[in-house]
Amino acid sequence: MQKNDISPPSHFIRQIVANDLQSHKHHGKVVTRFPPEPNGYLHIGHAKSICLNFGTALENNGACNLRFDDTNPEKESIEYMESIQRDVAWLGFEWTQLCHASDYFEVLYQHAVTLIEKGLAYVDSLSAEEIRLYRGTLTQPGKESPDRNRSIADNLDLFARMRAGEFADGQYVLRAKIDMASPNINLRDPALYRIRRVHHQRTGDAWCIYPMYDYTHCISDAIEGITHSLCTLEFEDHRPLYDWVLDKLQTPCHPQQIEFARLQLEYTIVSKRKLNQLVTEKHVSGWDDPRMPTIAGLRRAGFTPQAIKDFCERIGITKQNSWIEMGVLEYCIREDLNTNALRAMAVLEPLRVVITNYPDEKVEELTLSNHPQREELGKRIVPFSKTIFIEREDFSENPPPKYKRLVLGAEVRLRGAYVICCHEVIKNAAGEIIELHCTYDENTLGKNPEGRKVKGVIHWVSQAHSCPAEVRLYERLFTVAQPDNEENFLEVVNPHSLQILKECRVEASLRAATSENRYQFERTGYFCVDSDSTVEKLVFNRTVTLRDNGEKD
RNA sequence: UGGGUCGUCGCCAAGCGGUAAGGCACGGGGUUUUGAUCUCCGCAUACCAAGGUUCGAAUCCUUGCGACCCAGCCA
């Protein structure tokens, strides 16, 4: 019944859209949009919105635009616009149209003139500070501005002169005339336009007045024929304003705004301001640092678009503020990589092992499967020789109970090769183990020894044939589940979030691995070739460890 | 003390008056040349609380309680 049921689980927005389709509410069409402000890189929270918006369109044969909400040039840039397009495309979505709120500046202006003509907007000379004071409080109504009853002719004249650049920044503002006593503060004559002499990335210096979000967004939606305008919960009480503007104006349609809860992921931060601070203050290497919850960071860490989309589907869409555990995201990437990543052996902290009864110059080219469950993924050659490396932690002189790896005087299986037995531990003057002497049982290649059971299996690489590599081990960036609730989130940055291992050895087949190739290093985790990697110096990032149910140490 | 929204398992989340889906996490068994994968089993007499309506309530009503959002010329 539930097996292979490919239809995604329902949620309230899917239900609304389905109902609207049935009642022919928007002429049977579904048009959505993803409207980021280009003031930072996209993060995992945006991915939820992207999947919702593009997904809703895809499921209903509709359209979805990528629209830049570029109404505040002070904070926005072309770099961000480019990164946003790159990230959305990498996730695998294609926008129907690439739009910019700034493309609508002229229509927006004309609509504002209409509002003035209808006596629904006025030019106010109050300062920002005064407007704040006049607004009242949550429990007390606001006061009307002395300019509220300025004549339509004067308003028209002043607004035209605002556009013409006759006034200083902040000298005037265009306000909607709604209700200073409204219990909804957004309706207490909200600002529609402000004067700001800032160069805009796209319109250059054509404008010195810029429209506000509330005024711009609804009209932009209407212009594009959006049917369902999906946004996060904090805009819930902006909806009356969204509807007010469209009700007063002649627009192509009146989209329906629907709000859903934004993503909150444990151990991460999604405030653009704080992410920007992490980058600027060098707590991370950049917006695409693998520890960052940005799309670019997840990508560099080795996450796949499919895993991110799967995650967004699993967490659901509701109006409940909720916190998602990291385990869900980790499950999604492990599931994808377990079925799709090729297997390889890599020794992160090498310990030399000499197989004393193995011929000095002999080299065997062992053939190993690239994937234990998927033969169609092919095989690879892994050379075996007298001197190999194993993981330092795969040998113990004082093994804890249930230790399944190598100990003195006992056997262990070398994955894909022979069973070896350790006979001697070589130490340096400081008492540190520098080498192991073992013997191999030549009758154990591809078969179990007779009469005894070898329970442990460890990975290895041949000293002479393996390649050096740098491996970067990442852990969660914060030490507490909700760093945002901290007085200073920088104090809970995890000091051990990055560990760089420079002396690693990876099997020969990895020599030609290139950026973004993903592997499972058997028994240690999933890894991805970093963009810093070169033929001379391989660099891998750990995406996520393998799930560990065992009782190690 | 205004307005808006939300309260179902440790974390998500179905449920839309007919007697609590599913996923993650967790615990236990089996398979395994990855302590992985896979597989089997277990995991809410209970739905914020208290009343009420009903043959029957997580679903309807009432009253409480708790949480989140809003006082940018940010989005």
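Residue numbers start from 1 in every chain, and the chains themselves are labelled A, B, ... in the order their sequence lines are given, proteins ahead of strands. What you see is a predicted model; the values in this text were computed from it and never measured.
- B:rG72: glycosidic angle within 90° of 0, hence syn.
- Rounded to whole Å, atom C1' of B:rA75 lies 13 Å from atom CD of A:E74.
- Applying the ring pair (Phe, Tyr, Trp, His ring centres under 6.0 Å) test between A:F105 and each of A:H111, A:H200, A:H100 identifies A:H200 as the sole match.
- Listed candidates were B:rC73, B:rC12, B:rU34. Nearest to the side chain of A:R343 is B:rU34.
- With B:rG35, B:rA36, B:rA13 as the choices, the nucleotide that has an atom nearest any side-chain atom of A:Q320 turns out to be B:rA13.
- Contact annotation: the side chain of A:F159 never approaches that of A:Y172 to less than 4.5 Å [non-hydrogen atoms, C-beta and beyond].
- Figure legend: cation-pi geometry between A:R405 and A:F395 absent, as NZ or CZ is not positioned both under 6.0 Å from the six-membered ring centre and within 45° of its axis.
- Look at the C1' atom in both B:rA14 and B:rA71: the space between them is 38 Å, to the nearest Å.
- For the C1' atoms, the distance linking B:rG22 with B:rC73 amounts to 49 Å, nearest Å.
- Each of A:I317 and A:Q171 has a nearest nucleotide on RNA chain B; the 5'-most of these lies closest to A:I317.
- When the P atom is used for both B:rG17 and B:rC60, the distance is 8 Å, rounded to whole Å.
- Under the side chain to side chain donor-acceptor pair (under 3.5 Å) criterion, A:E130 pairs with A:S127, not counting sequence neighbours.
- Taking every side-chain heavy atom of A:E522 into account, B:rU34 is the closest of B:rG35, B:rU34, B:rU8.
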Between protein and nucleotides 24-30 of chain B, what N or O pairs are separated by less than 3.5 Å?
from	atom 1	to	atom 2	distance (Å)
B:rC24	OP1	A:Y331	OH	3.0

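- Interatomic distance, A:L42 CG to A:D87 CG, rounded to the nearest 0.5 Å: 5.5 Å.
- Contact annotation for A:K404: base contact, defined as any heavy-atom pair under 4.0 Å involving a base atom.
- For the pair A:H238 NE2 and B:rC74 C1', the computed distance is 10 Å after rounding to whole Å.
- Taking atom CG of A:L192 as the reference point, atom C1' of B:rA75 lies 15 Å away to the nearest angstrom.
- Nucleotides B:rU54 and B:rA49, compared at atom P, are 23 Å apart to the nearest Å.
- For RNA chain B, the residues of residues 372-381 of chain A within the heavy-atom distance limit of 4.0 Å (strictly under) are A:P372, A:Q373, sorted by number.
- Searching all strands for a Watson-Crick or G-U wobble partner of B:rG2 with both distances below 3.5 Å returns B:rC70.
- To the nearest whole angstrom, the two P atoms, one in B:rA20 and one in B:rA44, are 12 Å apart.
- For the pair A:T137 and B:rA71, the criterion of a side-chain N or O lying under 4.0 Å from OP1 or OP2 is not met.
- B:rA25: no Watson-Crick or G-U partner with both key distances under 3.5 Å is found in any strand.
- At a cut-off of 3.5 angstrom, the base of B:rU34 holds at least one donor-acceptor pair with the side chain of A:Q520.
- Look at CG on A:L368: it is 16 Å from C1' on B:rA36, rounded to the nearest Å.
- Residue A:R194 places at least one side-chain N or O under 4.0 Å from the OP1 or OP2 atom of B:rA75.
- For the side chain to side chain donor-acceptor pair (under 3.5 Å) test, no residue two or more places apart in sequence or in another chain qualifies with A:E442.
- Only the P atoms considered, B:rU59 is 9 Å distant from B:rC47, to the nearest whole Å.
- Using N1 to N3 plus N6-O4 or O6-N4 for Watson-Crick, or N1-O2 and O6-N3 for G-U wobble, each under 3.5 Å, B:rC65 pairs with B:rG7.
- At whole-Å resolution of the value, CG in A:L263 and P in B:rC11 are 16 Å apart.
- In this structure, A:H459 and A:F389 have side chains that are not in contact, with every pair of non-hydrogen atoms separated by 4.5 Å or more.
- Minimum interatomic distance between A:F527 and A:L348 (heavy atoms only, all atoms of both residues): CZ-CD2, 4.3 Å.
- As judged by a 4.0 angstrom heavy-atom cut-off over every strand, A:T524 is placed among residues making no nucleic acid contact.
- Protein atom CG of A:N321 is 7 Å distant from nucleotide atom C1' of B:rC6, rounded to whole Å.
- Contact check, A:Q264 against B:rC12: no side-chain N or O comes under 4.0 Å of OP1 or OP2.
- Checking B:rA75, B:rU34, B:rA14 against the side-chain heavy atoms of A:D69 singles out B:rA75 as nearest.
- Among the nucleotides B:rC73, B:rG35, B:rG72, the one closest to any side-chain atom of A:I131 is B:rC73.
- Closest to the side chain of A:N186, from the set B:rU34, B:rC70, B:rC69, is B:rC70.
- Across all strands, A:A128 comes closer than 4.0 Å to base atoms (heavy-atom distances).
- For the pair A:N485 CG and B:rA67 C1', the computed distance is 13 Å after rounding to whole Å.
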At a cut-off of 3.5 Å, list every protein nitrogen or oxygen paired with a nitrogen or oxygen from nucleotides 2-4 of chain B, distance to 0.1 Å.
from	atom 1	to	atom 2	distance (Å)
B:rG2	N9	A:L138	O	3.1
B:rG2	N2	A:P183	O	3.3
B:rG2	N3	A:L138	O	3.0
B:rG3	N2	A:D237	OD2	2.8

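- For the P atoms, the distance linking B:rA57 with B:rG64 amounts to 24 Å, nearest Å.
- Put simply, the residue from A:L351, A:V353, A:I390 that forms a side chain to side chain contact (heavy atoms under 4.5 Å, CB included) with A:W460 is A:I390.
- In this structure, A:R150 fails the cation-pi test against A:Y122, since its NZ or CZ atom is not both closer than 6.0 Å to the six-membered ring centre and inside 45 degrees of the ring normal.
- When the shell of 6.0 Å around NZ of A:K143 is examined, it contains 12 or fewer heavy atoms from other residues, nucleotides or ligands.
- A donor-acceptor contact under 3.5 Å is formed by the side chain of A:R413 with the base of B:rU33.
- Comparing B:rA46 with B:rC74, their C1' atoms are spaced 45 Å from each other, to the whole Å.
- Taking only side-chain atoms of A:Q15, from C-beta outward, the nucleotide of B:rC73, B:rC16, B:rU34 with the closest atom is B:rC16.
- Residues forming a side chain to side chain donor-acceptor pair (under 3.5 Å) with A:N276 (at least two apart in sequence, or on another chain): none.
- Atoms CD and CD1, from A:E266 and A:I324 in turn, are 9.0 Å apart once rounded to the nearest 0.5 Å.
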### Task
Please assess A:Y210 against A:R194 for the test side-chain contact (heavy atoms from CB on, under 4.5 Å), listing each intermediate value before the final yes or no.
CA-CA 6 Å; A:Y210 291 99; A:R194 74 284 215 184; 4.1 Å; yes
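- Rounded to whole angstrom, the span from the NE2 atom of A:H459 across to the P atom of B:rG35 amounts to 9 Å.
- Between A:Y213 and A:Y242, the gap from one ring centroid to the other reaches at least 6.0 Å.
- B:rG18: Watson-Crick or G-U partner is B:rC55, with both key distances under 3.5 Å.
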